[in-house]
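Below, chains carry the letters A, B, ... as their sequence lines are ordered, and counting in each starts from 1.
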2 protein chains.
Amino acid sequence: MVNTKYEGFETPGVTVDLVLFTVNESRLKVMLVKRVEEPFRSDWSLPGGFIELGESLDAAAQRVLVEKVGVSDVYMEQLYTFGKPKRDPRSRVITVAYIALIPWQSLPQPASEKIIDLTWSPVDHLPKLAFDHKEIVNYAVKRLRAKVSYSNIVYGLMPKQFRLSELQSMYECIIDDKLDKRNFRKRMLATGLLKETGKKDTAGAHRPAMLYQFKSKEIVFL
Amino acid sequence: MVNTKYEGFETPGVTVDLVLFTVNESRLKVMLVKRVEEPFRSDWSLPGGFIELGESLDAAAQRVLVEKVGVSDVYMEQLYTFGKPKRDPRSRVITVAYIALIPWQSLPQPASEKIIDLTWSPVDHLPKLAFDHKEIVNYAVKRLRAKVSYSNIVYGLMPKQFRLSELQSMYECIIDDKLDKRNFRKRMLATGLLKETGKKDTAGAHRPAMLYQFKSKEIVFL
DNA sequence: TATACTAAGTGTATGGTGAACACTAAGTAT
DNA sequence: ATACTTAGTGTTCACCATACACTTAGTATA
């Protein structure tokens, strides 16, 4: 904090931007929206919005999530604050970036007229992005990949019940590497964070798999 | 980013606040400055300041460091952004908090007339702090303690050359726990980040110790 | 209804890493 | 010369991560 009063200073704008992750078709993807205004008109960008005065940063991120994606109650955490002076060519804008995770199954089907200005892009084949959004996405991917290895953060991408093989391929999509099945199962069950549901998944022409779920929604560091 | 223009919105103030760590008298300490104005007049607070329009967040943090502490070229990283609506009772202020590390030996001696409004407080015996600064400090301590265990971030607190026993007690002060001498030395030397200087520290009535230094100033994750 | 197909599910051996643990070495002070 | 202080050094053991291949239980189809 500082002793100086703020009146008389020209003040920067403050936004939140969301890096919303999902996994679909075995790819880690982020949500992008098409800009309809200059600058960067018709480029892709992260969903975001200016914070409102009575609203905390977390609340602003939640609001943007509801407004732009139509979901709530997903895992979200603050990522980093980006504030280079020229990141928005119009005026000084500082953005507090958030990561959010959403299971593909939980996504609402977008209305058909809106689908054109919303896309899910694989993180390793991003299109040109507006502002410094590519930098933000890359930073977010780095954080997510790191966090996957020392926490159970993937729960945020899983449906309520799932096969262990689905959990494994979720890990594999995120870290972009293969894992050993037996070791993976041992490690996961050893955490004590999973419980059998008793139900079996009988889909597919093969032996049915036990369905599991997380005991708790809390994120835990291993 | 968002499509809406920002003109016409009442905008929040944006500051940077510094959690500046050092270790002295075997205690992990943070720098605090006494407030001279309302609100929280004569309470302790973190050094900070409003960002200027042409200035990046990192640059603002550097500037505050130079202005308030009189040092530069120290390890610094962005910590987190705090933005609860009522954290400043006067008006909406969002603060981007930074961590900085400085070896005690590198601190300039404060001019005697200023010393009264600057103090170094052990992190586990903080006085009452202005705004939400206690929350910020606690978050910073958590981050520092975690990071110490998986990186060589302590280099930021060490003088150029040091005995391994000094390095060990630096770790011990930060994590507030004792370490085994032989295991510590093995682990540190195994990182390959240290090199012998060839010099010995002959101070003290005992066997002289080899002086070491870090090969590089880069922070490395182990 | 037998056979092919697919994914589920399971155990062991090995190498590496972290933790516990105590004595000798090399100086200074008295 | 003796006491004192910190520097410096190796080994054992328990645990964990890794590598690795076959049997099981269903469905599909010939």
Side-chain angles (χ1 to χ4, degrees), chain A residues 23 25-26 145-152 154 158-159 161-213 220-222, chain B residues 23 25-26 145-152 154 158-159 161-213 220-222:
Chain A
V23 169
E25 298 168 324
S26 299
R145 289 197 164 130
K147 211 145 185 173
V148 153
S149 69
Y150 64 85
S151 78
N152 66 335
V154 287
M158 300 300 295
Q161 305 196 336
F162 46 84
R163 296 174 281 140
L164 284 183
S165 60
E166 289 174 312
L167 186 61
Q168 179 176 348
S169 66
M170 182 63 66
Y171 273 88
E172 291 175 337
C173 291
I174 296 170
I175 63 174
D176 195 24
D177 203 358
K178 286 286 168 196
L179 296 172
D180 178 85
K181 181 162 64 158
R182 280 176 289 193
N183 294 335
F184 178 80
R185 290 169 161 256
K186 246 180 302 176
R187 204 152 24 94
M188 282 301 131
L189 295 173
T191 63
L193 300 172
L194 294 172
K195 67 175 177 212
E196 295 187 357
T197 62
K199 285 185 258 180
K200 297 219 167 190
D201 178 3
T202 57
H206 51 80
R207 177 173 177 176
M210 174 63 71
L211 289 172
Y212 288 81
Q213 59 186 14
V220 177
F221 299 95
L222 309 172
Chain B
V23 169
E25 298 169 324
S26 299
R145 289 196 166 132
K147 210 145 187 174
V148 154
S149 69
Y150 65 84
S151 78
N152 66 336
V154 287
M158 299 299 295
Q161 307 196 334
F162 47 85
R163 296 174 281 140
L164 285 182
S165 60
E166 289 175 311
L167 186 61
Q168 179 175 349
S169 67
M170 182 62 68
Y171 273 87
E172 291 175 336
C173 291
I174 295 170
I175 63 174
D176 195 23
D177 203 359
K178 285 286 169 194
L179 296 172
D180 177 85
K181 182 164 65 160
R182 278 175 291 189
N183 294 336
F184 178 81
R185 289 170 162 256
K186 244 180 302 175
R187 205 153 25 93
M188 283 300 131
L189 296 174
T191 63
L193 300 172
L194 294 173
K195 66 174 177 211
E196 296 186 358
T197 61
K199 285 184 254 177
K200 296 218 167 194
D201 177 5
T202 55
H206 52 78
R207 177 173 175 177
M210 174 63 71
L211 289 172
Y212 288 81
Q213 60 186 15
V220 176
F221 298 95
L222 309 173

Here the distance between atom C1' of D:dT18 and atom CZ of A:Arg182, to the nearest Å, is 11 Å

Could you tell me how far apart A:Met210 (CE) and C:dA8 (C1') are, to the nearest whole angstrom?
11 Å

Just the rounded figure in Å: distance from P of C:dA26 to CG of B:Asp201.
17 Å

Does the protein touch nucleotides 12-17 of chain D at the base, only the backbone, or not at all? Give it as B, S and - per nucleotide, heavy atoms under 4.0 Å.
------

Neighbours of DNA chain C within residues 162-177 of chain A, by heavy-atom distance under 4.0 Å:
A:Arg163, A:Ser165

To the closest 0.5 Å, what do you measure between OH (A:Tyr212) and CE (A:Met158)?
12.5 Å

Specify whether A:Phe221 and A:Tyr150 have parallel, tilted or perpendicular ring planes, treating 30° as the upper limit for parallel and 60° as the lower limit for perpendicular.
parallel

Would you mind reading off the distance between B:Phe184 atom CZ and C:dG18 atom P, rounded to a whole angstrom?
14 Å

Out of curiosity, A:Lys200 NZ to A:Arg207 CZ, how far, rounded to the nearest 0.5 Å?
6.5 Å

How long is the line joining CG of A:Leu211 and C1' of C:dG9, in whole Å?
14 Å

Whole-Å gap separating P (D:dA19) and CG (A:Leu179)
11 Å

Protein-nucleotide distance (A:Asp180, atom CG; D:dA21, atom P), rounded to Å
10 Å

Can you tell me how far the CZ atom of A:Arg163 sits from the OG atom of A:Ser169, to the nearest 0.5 Å?
8.0 Å

With respect to B:Asp177, which candidate in B:Ile175, B:Leu179, B:Ile174 satisfies the side chain to side chain contact (heavy atoms under 4.5 Å, CB included) definition?
B:Ile175

Nearest 0.5 Å, please: how far is CZ in B:Arg185 from OG in B:Ser165?
7.0 Å

To the nearest 0.5 Å, atom CD of B:Gln213 lies from atom CD of B:Gln161 at 5.0 Å

So how far is it from A:Glu166 CD to A:Leu211 CG, rounded to the nearest 0.5 Å?
7.5 Å

Please write out each protein N/O paired with an N/O of nucleotides 22-29 of chain D under 3.5 Å, distance rounded to 0.1 Å.
from: D:dT24; atom 1: O4'; to: A:Arg207; atom 2: NH1; distance (Å): 3.4
from: D:dT24; atom 1: O2; to: A:Arg207; atom 2: NH1; distance (Å): 3.0
from: D:dA25; atom 1: N3; to: A:Arg207; atom 2: N; distance (Å): 3.2
from: D:dG26; atom 1: N2; to: A:Ala205; atom 2: O; distance (Å): 2.6

Note, A:Met188 side chain near A:Tyr171 side chain (heavy atom, < 4.5 Å):
yes

Find out whether A:Val148 and A:Met170 are in side-chain contact, i.e. whether some heavy atom of one side chain is under 4.5 Å from a heavy atom of the other.
no

What is the distance, rounded to the nearest whole Å, between atom CG of A:Asn183 and atom C1' of C:dT10?
12 Å

Is there side-chain contact between A:Leu167 and A:Leu194, with at least one heavy-atom pair below 4.5 Å?
yes

